[in-house]
There are 4 protein chains.
Amino acid sequence: MWSDTDPAGIVWFGVFFRYFENAEEDLFRRLGCDRTPLLRQLGIFMPRTSLQTRFRSPARLGEELTVGVGIGEITDRRIGFVFDIHERGTDRFICDASYRVACVDAATFAPRPCPDEIVALLSRALVTT
Amino acid sequence: MWSDTDPAGIVWFGVFFRYFENAEEDLFRRLGCDRTPLLRQLGIFMPRTSLQTRFRSPARLGEELTVGVGIGEITDRRIGFVFDIHERGTDRFICDASYRVACVDAATFAPRPCPDEIVALLSRALVTT
Amino acid sequence: MWSDTDPAGIVWFGVFFRYFENAEEDLFRRLGCDRTPLLRQLGIFMPRTSLQTRFRSPARLGEELTVGVGIGEITDRRIGFVFDIHERGTDRFICDASYRVACVDAATFAPRPCPDEIVALLSRALVTT
Amino acid sequence: MWSDTDPAGIVWFGVFFRYFENAEEDLFRRLGCDRTPLLRQLGIFMPRTSLQTRFRSPARLGEELTVGVGIGEITDRRIGFVFDIHERGTDRFICDASYRVACVDAATFAPRPCPDEIVALLSRALVTT
């Protein structure tokens, strides 16, 4: 994680978005479907449309982190992912985040409804609050 | 920008946070004070505490971008930066964002009021809406 | 550059490769031809095949850098770029590097001779030592 | 790995250096000693002084990679790490690399001999060729 940390000795805030998207890819995998071949087969990309994050405590160099991921909302128009990061062991709260993604045509970037396969797959990770 | 773009051929969303923080550093510089020596002299770090972004249009490989930065709010407790990114030339709107930063002691990470120097300096970039 | 620096307060070594490739893109631009549309039109990618770097002096947070770029060798089989980075003002030597790129078909990744357009264009930046 | 891949759909070459340094940190951990607290306690940093890499085959989005790491040479003046990356499963060769690190004083960046603790620890991972 040396390369992820900044001169303050903590994970640089922009790095968390890599952790989040990696967790998103893991979620697809755990649900039984790799995201990359799935999107390729469906001919779509899934760009983020909005995002919010709260940083509560710094993640220092050398600390092990746990990244939680789930689905906060899902329709054929948009999908909301939710994330939280804690320090492993102590369970200290580092940050949480949510972002929305849309579906667009891979060739034209024109908006498209989220394919049923995606909605059905991700609905299984819906978080009830 | 090749290294900033993803397999969809557009700037990966996490890269924008580097653009934002670079713009923040530029802002300090334009106001007459490099951020790095200033924070070192004051013995503080300025971690982000929350952040939100809206992505409206993709930034494709090879497009030139303009990054706007200003101060949205400022007190001795928190500072809000606001950003917007447009395509140079066409002025197409790519994304906007805001984030809040706090001041912490560089040694202990304990919260501290924002030093008067910082508040006075950044107030000059306050955006009126 | 805050996001480019590591907990030692210096530019993390992996970040220099972004500086190098940005300089390569600038070189194409200065020679009158944006790399992205050129490669797209030719139907090729130009992957790196080997690379070497010497790091002589750290680039500290807040230091301004100058990146030099040129062509060290060029045939229809491979192109060698050379780079050097100095601190602006003092001219202190930070690092130098060279890498070779090949041409591959954008669809199949099969090797292809470097197109004449590329060889002619880049030959104008050939460094004589 | 979406964020690690470029518009050619392959891992961007500069990303491998993050993989390499992560493997270096893992090596310290497997040998029983976290690098971060060890260096802090010794009051040193270990900057890279030179590096070479050969890229043989692209790592495509979605491919699982195995990163090998070992010590190629070690004296009290310099330490050489060696790396190789293969595709998991097929064992296809992606790239290999080596880099040398030196020891410097954490406060002054003045060169220092590599501490005996480091030499003894890493010698156990010496690769015989």
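Within every chain, numbering begins at 1; the chains are lettered A, B, ... in the order of the sequence lines, protein sequences first and strands thereafter. Source: prediction; values computed, not measured.
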Which region of A/I10, side chain (C-beta onward) or backbone (N, CA, C, O), has a non-hydrogen atom less than 4.5 Å from a non-hydrogen atom of chain B, or is it both or neither? side chain
Find the N and O donor-acceptor pairs between chain B and chain A that sit under 3.5 Å apart.
unit_1	atom_1	unit_2	atom_2	d
B/W12	NE1	A/E21	OE1	2.5
B/E21	OE1	A/W12	NE1	2.5
B/T49	O	A/F55	N	2.8
B/L51	N	A/T53	O	2.9
B/L51	O	A/T53	N	2.9
B/T53	N	A/L51	O	2.9
B/T53	O	A/L51	N	2.9
B/F55	N	A/T49	O	2.8

Drop me the distance from A/F17's CZ to B/F17's CZ, to the nearest 0.5 angstrom. 4.0 Å
With sequence neighbours excluded, tell me which residues meet ring-ring contact (aromatic ring centres under 6.0 Å, His included) with A/F45. A/F109
Who among A/A8, A/G9, A/A97 has the most heavy-atom pairs with chain B under 4.5 Å? A/A8
